[in-house]
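Working notes for the structure below.
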Protein chains: 4
Amino acid sequence: MRHHGNRHGRSEQARQAVLEAADDILVERGFAGVTVEGIAARAGVAKQTIYRWWPSKVDILLDAFVDDMNEELTPPDLGSLADDLAAYLPMLATFLTETDEGAVFRALAGQAQHDPAVAARFRDECVLPLRARDRLILQRAAERGEFADLDVEAAVDQLVGPLYYRVLVTGEPITREFIDGLVRALVA
Amino acid sequence: MRHHGNRHGRSEQARQAVLEAADDILVERGFAGVTVEGIAARAGVAKQTIYRWWPSKVDILLDAFVDDMNEELTPPDLGSLADDLAAYLPMLATFLTETDEGAVFRALAGQAQHDPAVAARFRDECVLPLRARDRLILQRAAERGEFADLDVEAAVDQLVGPLYYRVLVTGEPITREFIDGLVRALVA
Amino acid sequence: MRHHGNRHGRSEQARQAVLEAADDILVERGFAGVTVEGIAARAGVAKQTIYRWWPSKVDILLDAFVDDMNEELTPPDLGSLADDLAAYLPMLATFLTETDEGAVFRALAGQAQHDPAVAARFRDECVLPLRARDRLILQRAAERGEFADLDVEAAVDQLVGPLYYRVLVTGEPITREFIDGLVRALVA
Amino acid sequence: MRHHGNRHGRSEQARQAVLEAADDILVERGFAGVTVEGIAARAGVAKQTIYRWWPSKVDILLDAFVDDMNEELTPPDLGSLADDLAAYLPMLATFLTETDEGAVFRALAGQAQHDPAVAARFRDECVLPLRARDRLILQRAAERGEFADLDVEAAVDQLVGPLYYRVLVTGEPITREFIDGLVRALVA
DNA sequence: CGTTAAGCGAGACGGTACGTCATGTCTTGCG
DNA sequence: CGCAAGACATGACGTACCGTCTCGCTTAACG
């Protein structure tokens with residue numbers, strides 16, 4: 001049964017179809033291949049319906065990322081900082097480099113370099129939630145007394161910064177050894 | 001007197017005008033405002049002249065970056081690793097966030113997220129030369145014997161990774177204290 | 001207190017509001033400016049209410065014309081054909097060129113060139129009633145015996161044809177002399 | 001050999017293709033079926049090429065009419081006014097009602113009712129040339145001395161006005177008798 | 001020392017996607 | 001049941017750039 005609008009706001013069906021279509025096209029054809037017309041066609045939705053709810057294709061990807069991210073990346077709680085990090089950082093690396101959500105993240109990070117408005121939304125809606133997960137592990141370690149005087153924010157940057165650097169800048173693979181080095185530098 | 005072509009090789013005048021126009025437009029209007037037509041108009045050059053020498057606008061920016069970068073960012077040589085880093089890292093941060101070349105770098109980094117071909121050229125022509133400078137300081141320290149057993153590549157990532165992460169991802173400012181923390185973590 | 005529907009038949013209030021809104025917009029902004037959405041907004045009526053009762057905006061204008069025309073253009077009865085025509089033809093010209101109803105008539109005549117269905121309704125509901133008035137004068141003259149053997153239909157065409165031609169085709173103003181010429185040609 | 005633009009102005013090939021496509025679509029699907037996109041597709045031309053040279057689809061039809069009209073409707077010269085008119089007026093009627101150019105003329109006449117700017121161009125480029133032909137017959141008669149004191153302009157209106165009135169307003173067919181009546185009224 | 005071919009400015013061309021506007025259909029809840 | 005409200009699929013609008021092409025001028029090496 002097709003839904004053709006009603007007085008109580010938007011069609012959830014259309015919303016989902018748009019987000020999924022955007023996601024799929026991004027993964028299949030890259031960011032340049034993502035067009036509002038393409039999304040509309042693939043989602044079986046009118047272009048105007050997209051423009052009614054999203055100002056641009058970037059906003060669609062932001063929504064798509066927010067929707068999907070929340071189902072992923074639950075940080076482990078293994079009882080020791082070193083173990084938690086050894087489990088979590090590879091998960092994060094895989095998330096960023098291998099998953100569809102990671103592809104969306106990278107595309108948004110790319111677009112954030114071109115547009116300050118995108119950058120602001122990207123930080124609030126993508127980076128902050130990811131950092132919250134990063135922080136969680138360190139905070140639990142602090143609560144256990146492993147690090148009495150830790151500056152959590154700086155520590156997060158030192159831990160995940162090199163990882164994002166490899167993902168977004170150098171393209172180097174993130175190896176077990178690389179992560180071990182990061183953990184050792186922090187624990188030392 | 002305008003130059004209208006010759007039989008043997010390209011017009012250096014046109015090349016310079018194009019690179020400068022691209023640079024200027026990027027800084028003034030952002031990456032989205034950079035168009036081949038706009039560059040041509042501003043440089044007083046025919047569109048075809050651009051397409052004859054550059055496959056896309058990204059290649060223009062790459063050339064512009066390479067031209068300009070070589071005049072910047074000479075790493076200091078103060079005799080101690082801590083001093084060198086304390087002098088160099090703020091220079092790098094300023095280069096990335098404040099200068100026109102930094103704006104080009106960020107734009108290219110952004111576009112590299114969207115296109116693997118751009119990513120490859122970006123790494124070869126932008127990232128590698130910058131990393132060469134990063135490495136120089138650590139190599140000199142190693143030669144002085146400050147760190148006998150240092151893995152230079154990993155150390156570079158740990159040093160500059162958090163810095164790029166702030167520039168490209170979180171947008172947090174890069175403070176004196178932040179840099180001191182990075183240096184301390186390495187020297188420890 | 002606004003009316004929001006009732007159980008027994010359509011709202012006359014809504015009908016009037018729609019016809020007036022269509023008329024007003026046509027006069028103010030021209031035929032291209034007449035849109036169903038615009039009419040609905042101006043009339044304070046839902047779009048669906050319009051589509052429930054009129055198949056298209058042209059049908060709205062047809063209804064508007066029929067409503068208004070009946071209050072206008074009563075042919076005079078001065079006792080002689082020449083006098084009647086000398087009084088009536090200028091009235092007709094003014095009606096077509098100066099009044100709001102004339103504007104509606106011209107818009108419908110224009111649309112009739114594009115769509116045979118419109119043309120049919122236009123002739124039945126607009127042209128025929130106007131021709132009835134034209135004919136009336138000639139018929140009364142025939143009844144008075146002024147013209148025993150007159151072909152009324154052909155005479156009407158010869159009289160008002162040039163007038164419509166000027167209004168719809170050449171745009172020439174309709175002068176006293178022009179009308180006198182038409183009358184003279186008929187009476188001769 | 002395809003032509004893709006040069007420094008000396010527009011492609012005559014594209015111009016012709018556009019005019020013919022517009023003409024064909026108008027005849028096949030009516031004025032409402034004429035769209036710039038449809039013309040572009042049918043002519044094998046880019047939409048922008050159309051907008052570069054014509055402000056609107058009406059301007060295309062105007063050009064198409066002007067191009068085609070000049071090859072049609074040469075008034076006869078049979079030596080007497082009555083004969084000339086008896087030959088010419090049916091030709092005119094057929095031109096307006098049966099030919100493709102007539103369809104374009106009627107469409108333009110329709111659009112002229114909606115837009116004063118169109119009306120102005122329509123009169124200058126369509127109506128005036130047609131009237132020139134109408135006038136020719138009467139002028140030749142005047143030169144022959146058939147009508148010493150004829151007001152040619154008014155006579156043209158009286159002759160062709162009823163004819164256009166039937167074509168554009170009533171839709172009545174234009175019969176031999178009807179035309180004879182018009183000629184008789186003038187000659188009388 | 002004139003020929004001639006490459007580089008150039010100019011700009012029209014076939015395309016693709018943009019973001020907007022109006023159409024006519026639909027669903028909902030109030031009166 | 002009629003209505004106001006408004007979301008929806010559809011499709012054309014007019015614009016902006018893309019990358020390709022042709023043209024005629026300028027200019028320097030070659031004949």
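Protein chains get the first letters and strands the later ones, always in sequence-line order, with residue 1 at the start of each. Quantities reported herein were computed from a predicted structural model and do not represent experimental measurements.
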ask   = Can you name the closest pair of heavy atoms from B/Arg42 and B/Ala21 and give their distance?
value =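 Taking every non-hydrogen atom into account, CG-CB, 3.8 Å.
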(Q) Quick check: closest heavy atoms across D/Ser11 and D/Ala14, and the distance to 0.1 Å? (A)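 Shortest heavy-atom separation between D/Ser11 and D/Ala14 comes out as OG-N, 2.9 Å.
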Worksheet item: How do D/Thr35 and A/Glu12 order along DNA chain F: which one's closest nucleotide is nearer the 5' end?
Response: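 Its nucleotide being nearer the 5' end, the pick is A/Glu12.
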- Query: If you pin A/Glu37 and C/Thr49 to their nearest nucleotides in DNA chain F, which one's is more 5'?
  - Reply: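 Nearer the 5' end of the strand: C/Thr49.
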Review point. Counting only distance, no hydrogens or angles, is the base of E/dG11 paired donor-acceptor with the side chain of B/Lys47 under 3.5 Å?
Key: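 Side chain to base: no pair below 3.5 Å.
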Has the side chain of A/Gln48 got a donor or acceptor that lies under 3.5 Å from a partner of the other kind on the base of E/dC21?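 When only heavy-atom distances are counted, A/Gln48 does reach the base of E/dC21 through a donor-acceptor pair under 3.5 Å.
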Do the side chains of B/Arg15 and B/Asp67 get close enough for a salt bridge, i.e. N-O under 4.0 angstrom?
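Judged by the 4.0 Å cut-off on N to carboxylate O distance, B/Arg15 and B/Asp67 do form a salt bridge.
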Nearest-Å distance, [atom1] ([X]) to [atom2] ([N])?
| X | N | atom1 | atom2 | result |
| --- | --- | --- | --- | --- |
| A/Arg42 | F/dA9 | CZ | P | 17 Å |
| D/Lys57 | F/dG11 | NZ | P | 16 Å |
| D/Arg10 | F/dC23 | CZ | P | 17 Å |
| B/Asp59 | F/dC18 | CG | P | 13 Å |
| B/Gln13 | F/dT26 | CD | C1' | 13 Å |
| D/Ile25 | F/dA12 | CD1 | P | 11 Å |
| B/Ile39 | E/dG9 | CD1 | P | 14 Å |
| B/Trp54 | F/dC18 | CH2 | P | 15 Å |

Scan A/Gly44 against the nucleic acid and name what it touches under 4.0 Å (heavy atoms): base, sugar-phosphate only, or nothing.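 Here A/Gly44 touches the backbone only, sparing every base.
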- Does E/dC13 have OP1 or OP2 sitting under 4.0 Å from an N or O in the side chain of D/Trp53?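 Yes, within the criterion.
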OP1 or OP2 of E/dG7 under 4.0 Å from side-chain N/O of B/Arg52
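False: B/Arg52 side-chain N/O out of range (4.0 Å or more) of E/dG7 OP1/OP2.
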Comparing A/Gly38 and B/Val45 on DNA chain E - which has the more 5′ nearest nucleotide: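 Mapping each residue to its closest nucleotide by heavy atoms, the 5'-most match is B/Val45.
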- Flag side-chain contact, heavy atom, 4.5 Å: A/Val36 against A/Lys47: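 The answer is yes, as the side chains (C-beta and beyond) meet within the 4.5 Å cut-off.
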Could you check which of E/dC18, F/dG14, E/dG9 has an atom nearest any side-chain atom of D/Tyr51?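 Selected nucleotide: F/dG14.
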>> Nearest to the A/Val36 side chain among E/dC18, F/dT10, E/dG24, which nucleotide is it?
In response: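 Selected nucleotide: E/dC18.
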Q. Between D/Phe122 and D/Phe105, how do the two ring planes meet: parallel, tilted or perpendicular, split at 30° and 60°?
A.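 Because their plane-to-plane angle lies in the 30° to 60° range, the rings of D/Phe122 and D/Phe105 count as tilted.
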